[in-house]
Amino acid sequence: MSTLKVKIWRGEEDGEFQSFEVPARENQTILDVVTEVQRQQEPGLSYRFACRVGVCGSCAMTVNGKPRWTCRTHINAVAKDGEITIEPLRNMPVIKDLTCDMTDFFQKWQKAGGTFKGTVTRKDKVVTIPPSSPKRQKADAGIECINCAVCYAACDTVNWDSEYLGPAALNRAWTLVNDERVGNQKEVLDKAIGDNGCSSCHSQGNCTASCPVGLSPSQSIHGLKRMSLLSFLGTEV
Amino acid sequence: MARSNKAARNHTSYWASIGHRLSGLALAAFIPVHFYVLSLAANDTGALDGFLALADQPLFKIGEWGLVVLLVIHMSFGIRVLILEFLPWRHGKDGRTNLVWVGCIAALIIGVYFLVRAV
Ligand code: SF4
Ligand code: SF4
Ligand code: FES
């Protein structure tokens, strides 16, 4: 059986690559390889995963230089001459090996106004929102985010400016300002267009090019930029 | 070996933004020269005539050509960013990347026109 040469980051911010060899199998994802290394060769290897089917967003790592969801990344799609390099995501502090500290990433969702604050209680009647309404469609386009931070790791602006809220948090804010059930849209918009918000985005679209579920944070951010201009001009948003 | 610290950069929008920025920097570097020559026109016509004679040299023509091409690139890539930011997108992946090619082709056509006129 042929083998795969795998280099895996070991340590914290300071660390080094450790090389492993694992059998090359017909059907194998990056996450399978990491798991195989941990189970068979290096029990001390730290990494995160949960669902293994692209839903939970916990397994993202840098694979051959690009951030990816490892449970849905087939080896054959990324291995170069039977070699793979696996590192933790960039733009977040490394805790150990392949796990990074996502505290900032999630706090920025709060800073961008990401908490849902509705207008009704569970005792009220359910509000009907037609799926065909233009606002609902805008919200729907961004709503399937799995919080994997792949876009956040791909973003150069986050890399240059650690305060920048980043693509995922702003994408979340965009879905809220378009969600007719949200009661504090003005507050969310103010946060998303305020300091370190959408105006810091350089429009390069690394986020959109990398999002594994095919969302377009870049489109959402540009929507926020337009809204920010309209609100500056005094137009009702 | 250190960790890699690159983003997922190899896509058209990224290269367009690099083109936009580098052309902007090159044009910014040219501006002081431009103002210097303008000041010659105001203060020292003799020196200006000398400079204009120099500016007829082929090397200068090539420089001028480069400047025109850079201007077209910078302007068209800048217009693309404005379109991206202020007009609705047709779909989520719509980076208006076709506009990058339109800008490149415009720069090519205007560059060729400039060359043909110069010779
Ligand atoms: S488009 Fe904006 S948010 Fe997306 S990667 Fe670029 S700078 Fe970051
Ligand atoms: S927008 Fe996409 S890449 Fe970013 S966190 Fe959500 S699912 Fe992941
Ligand atoms: S393990 Fe849940 S998305 Fe990969």
Side-chain angles (χ1 to χ4, degrees), chain A residues 7 9 11 13-17 19 62-68 85-91 94 134 138 141-142 150-160 171 198-199 201-211 213-226 228-230, chain B residues 1-29 31 69-108:
Chain A
K7 275 195 260 165
W9 184 256
E13 240 20 273
D14 286 327
E16 57 185 12
F17 284 101
S19 297
T62 308
V63 184
N64 283 354
K66 275 192 181 170
R68 294 176 183 275
T85 307
I86 309 174
E87 307 163 64
L89 287 181
R90 71 172 198 154
N91 293 345
V94 182
K138 283 183 191 156
V150 162
C151 55
Y152 190 79
C155 176
D156 274 325
T157 308
V158 172
N159 194 248
W160 297 325
N171 177 66
C198 64
S199 331
C201 165
H202 287 224
S203 311
Q204 286 167 7
N206 289 352
C207 51
T208 297
S210 327
C211 174
V213 279
L215 302 188
S216 180
S218 184
Q219 180 184 26
S220 304
I221 292 168
H222 291 129
L224 288 168
K225 286 184 182 178
R226 264 195 310 284
S228 112
L229 180 72
L230 291 177
Chain B
M1 194 172 123
R3 280 174 62 200
S4 62
N5 187 30
K6 53 179 188 181
R9 292 195 187 115
N10 198 5
H11 55 93
T12 317
S13 296
Y14 176 73
W15 290 113
S17 73
I18 291 292
H20 191 203
R21 253 152 251 200
L22 292 184
S23 59
L25 282 175
L27 291 170
I31 284 176
V69 170
L70 285 175
L71 267 173
V72 181
I73 287 187
H74 194 69
M75 186 185 74
S76 50
F77 285 12
I79 291 174
R80 168 177 166 265
V81 173
L82 290 175
I83 290 176
L84 270 183
E85 299 201 341
F86 293 114
L87 296 184
W89 288 27
R90 290 165 301 194
H91 54 82
K93 300 282 177 191
D94 178 19
R96 306 270 166 162
T97 37
N98 45 357
L99 291 182
V100 177
W101 307 120
V102 171
C104 292
I105 291 167
L108 193 78

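Here is the naming used below: chain letters follow the sequence lines, and residue numbers restart at 1 for every chain.
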Peer 1: Apply side chain to side chain contact (heavy atoms under 4.5 Å, CB included) to residues A/D156 and B/R9 and explain how you reach the verdict.
Peer 2: CA-CA 9 Å; A/D156 274 325; B/R9 292 195 187 115; 2.8 Å; yes
Peer 1: Sort B/R21 into side chain, backbone, both or neither according to what part of it lies under 4.5 angstrom from a heavy atom of chain A.
Peer 2: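 Interface part for B/R21: side chain.
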Peer 1: Contact part of B/H20 toward chain A, heavy-atom cut-off under 4.5 Å: side chain, backbone, both or neither?
Peer 2: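 Neither part.
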Peer 1: Please report the shortest heavy-atom distance between A/N206 and B/H11, naming the atom on each side.
Peer 2: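 Where A/N206 meets B/H11 most closely, the heavy atoms are OD1-NE2, 2.7 Å.
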Peer 1: Under the rule for salt bridge (Lys or Arg N to Asp or Glu O under 4.0 Å), what residues qualify as partners of A/K138, not counting sequence neighbours?
Peer 2: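 Per chain and number, A/K138 pairs via salt bridge (Lys or Arg N to Asp or Glu O under 4.0 Å) with no residue.
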Peer 1: Could you grab the distance from atom SG of A/C201 to atom CD of B/E85, nearest 0.5 Å is fine?
Peer 2: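 One gets 7.0 Å once the value is rounded to the nearest 0.5 Å.
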Peer 1: Who in residues 73-83 of chain B is close to chain A, using a strict under-4.5 Å heavy-atom cut-off?
Peer 2: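 Residues of residues 73-83 of chain B touching chain A at under 4.5 Å: B/V81.
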Peer 1: Most heavy-atom pairs under 4.5 angstrom with chain B, which of A/S210, A/S220, A/S203?
Peer 2: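 Going by pairs under 4.5 Å, I would pick A/S203.
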Peer 1: Measuring heavy-atom distances to chain B, does A/S218 have an atom under 4.5 Å in its side chain, in its backbone, in both, or in neither?
Peer 2: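 Interface part for A/S218: both.
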Peer 1: So which of B/G92, B/G95, B/S17 has the biggest tally of heavy-atom pairs under 4.5 Å with chain A?
Peer 2: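 Answer, by heavy-atom pair count under 4.5 Å with chain A: B/G92.
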Peer 1: What's the shortest heavy-atom distance between B/K93 and A/L215, and which atoms?
Peer 2: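 Heavy-atom minimum between the residues: NZ-O, 3.7 Å.
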Peer 1: Which bit of A/V150 comes within less than 4.5 Å of chain B, counting heavy atoms only: side chain, backbone, both or neither?
Peer 2: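 Neither part.
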Peer 1: Using atom types as modelled and distance alone, determine if a side-chain donor or acceptor of A/R226 lies under 3.5 Å from a backbone N or O of B/L87.
Peer 2: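 Checked: pair present.
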Peer 1: The criterion is side chain to side chain donor-acceptor pair (under 3.5 Å); which residues satisfy it with A/Q219, sequence neighbours excluded?
Peer 2: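 A/Q219 satisfies side chain to side chain donor-acceptor pair (under 3.5 Å) with no other residue.
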Peer 1: Relative to chain B, which segment of A/L89 carries a heavy atom at a distance below 4.5 Å: side chain, backbone, both, or neither?
Peer 2: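 Answer is backbone: N, CA, C or O of A/L89 sit under 4.5 Å from chain B.
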Peer 1: Hey, what do you get for CG (B/D94) to OG (A/S216), rounding to the nearest 0.5 Å?
Peer 2: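 Atom-to-atom, B/D94:CG and A/S216:OG are 8.5 Å apart.
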Peer 1: Please name all residues satisfying ring pair (Phe, Tyr, Trp, His ring centres under 6.0 Å) with A/W160, sequence neighbours left out, ordered by chain then number.
Peer 2: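 So A/W160 forms a ring pair (Phe, Tyr, Trp, His ring centres under 6.0 Å) with A/H202.
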Peer 1: Given that the side chain runs from C-beta out, which part of A/P217 has a heavy atom under 4.5 Å from chain B: side chain, backbone, both or neither?
Peer 2: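 When you check distances to chain B, no heavy atom of A/P217 falls under 4.5 Å.
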Peer 1: With chain B, which of A/C211, A/G214, A/C207, A/G223 has the greatest number of heavy-atom pairs at distances under 4.5 Å?
Peer 2: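 Highest number of heavy-atom pairs under 4.5 Å: A/G214.
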Peer 1: What heavy-atom pair brings A/E13 and B/R3 nearest, and what distance separates the two atoms?
Peer 2: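 What the structure gives for the nearest pair is OE1-NH1, 3.2 Å.
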